[in-house]
Amino acid sequence: MAPEATSRSLLTVLDAEHPEWRPLLVVIKEALREAERPQWARLVPALEHPGRGGRPLLDGAVITVGPRLVGRWVRRILGIAAAAGTEVKPLARAVAAGWLDPLALFESAVSQNVDRFHELSHADTDYRGPLRGLASLIAMPMLQNCRRAWAERVPTGWAYGYCPICGGWPALAEMRGLDGTRHLRCGCCGSDWRTEWLRCPFCSEGEHEKLGSLVSPDSLARQTIEVCNRCSGYVKTMTTLSAIRPEHVVLEDLATLVLDIAALERGYRRPAAKGHEAAVSVVAESSRLHDLLGL
Ligand SMILES: [Zn+2]
Ligand SMILES: [Zn+2]
């Protein structure tokens, strides 16, 4: 089967094999479908800088949005997530009742600022874990469209472990093609950047004594877990013939959850903090007009 066909059917396979993931899959599916709506492509802002010195392209962006589009999207995804039984009911209620501004929530989600997102949600308990996943799904339509518009503008030879578009850590790595070049992939925006074979994306360790890999016995070495004994980080690595479709990196990440469990059981983890800050300002169309007119 062609890799693209495999990716296309991945949602169906995941749905059939893991009914327990269905609530999450429903939300992911909705975020991917939303990313295809042409309205989002029109919201991609002009680049503020060329991405030199390791600054992700999204950092400093000012996104002017139609409050109705964003409000509708935030309410819908929260409603679906709440109905699917995830832990977002208080957040969904607060937005539906008008206590919480969907634009503020959207801004913290696109900036992937989980602390701010958590603060806005007025959660009684610390539930940054589920919120992190939700924030990236709320941001997904915007970030996937930024990646589509900016992929050619990423500085050549981007040598950092985090995403050149949105600053997130890679969801996985690919050992791609017959020559086995190594590419890091972002789950949130789908971005793709080449990296050296022996280099930890999180702490840049390049000494092979400090780097290793855990091979899953039943995967015929198609999937491995690259680990770093300096920072205890890990990256799941898939052998692929051609690139995983950008929109499906999030699904491949989910489909290989068993590797995450294996890595966690051995004391490795993905860093909790974001790779690099990418602060975004979200401005409502009408207030932007007011600013421009000096009102
Ligand atoms: Zn990204
Ligand atoms: Zn490391």
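Here, residue 1 is the first one in the sequence, and each next residue gets the next number. One-based numbering, in listed order, for ligands and for the atoms of each.
Residue contacts to the Zn ion (ligand 1): C188 brings no N, O or S atom closer than 2.8 Å.
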> For R147 and Q144, what are the C-alpha separation, side-chain angles and deciding distance, and is it a side chain to side chain donor-acceptor pair (under 3.5 Å)?
Replying inline: CA-CA 5 Å; R147 186 259 315 151; Q144 290 279 342; 2.6 Å; yes

>> side chain to side chain donor-acceptor pair (under 3.5 Å) for E34 and W40? Distances and angles first, verdict last.
In response: CA-CA 8 Å; E34 183 70 21; W40 292 99; 2.8 Å; yes

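Rounding to 10 degrees gives 110° for the angle at the Zn ion (ligand 2) between SG of C200 and SG of C203. Taking the Zn ion (ligand 1) as the apex, the angle formed with SG of C189 and SG of C186 is 110°, to the nearest 10 degrees.
Remark: the E174 side chain and the T240 side chain contain an N/O donor-acceptor pair separated by less than 3.5 Å.
Annotation for R68: atom CZ does not count as buried by contact number, only 12 or fewer foreign heavy atoms lying within 6.0 Å.
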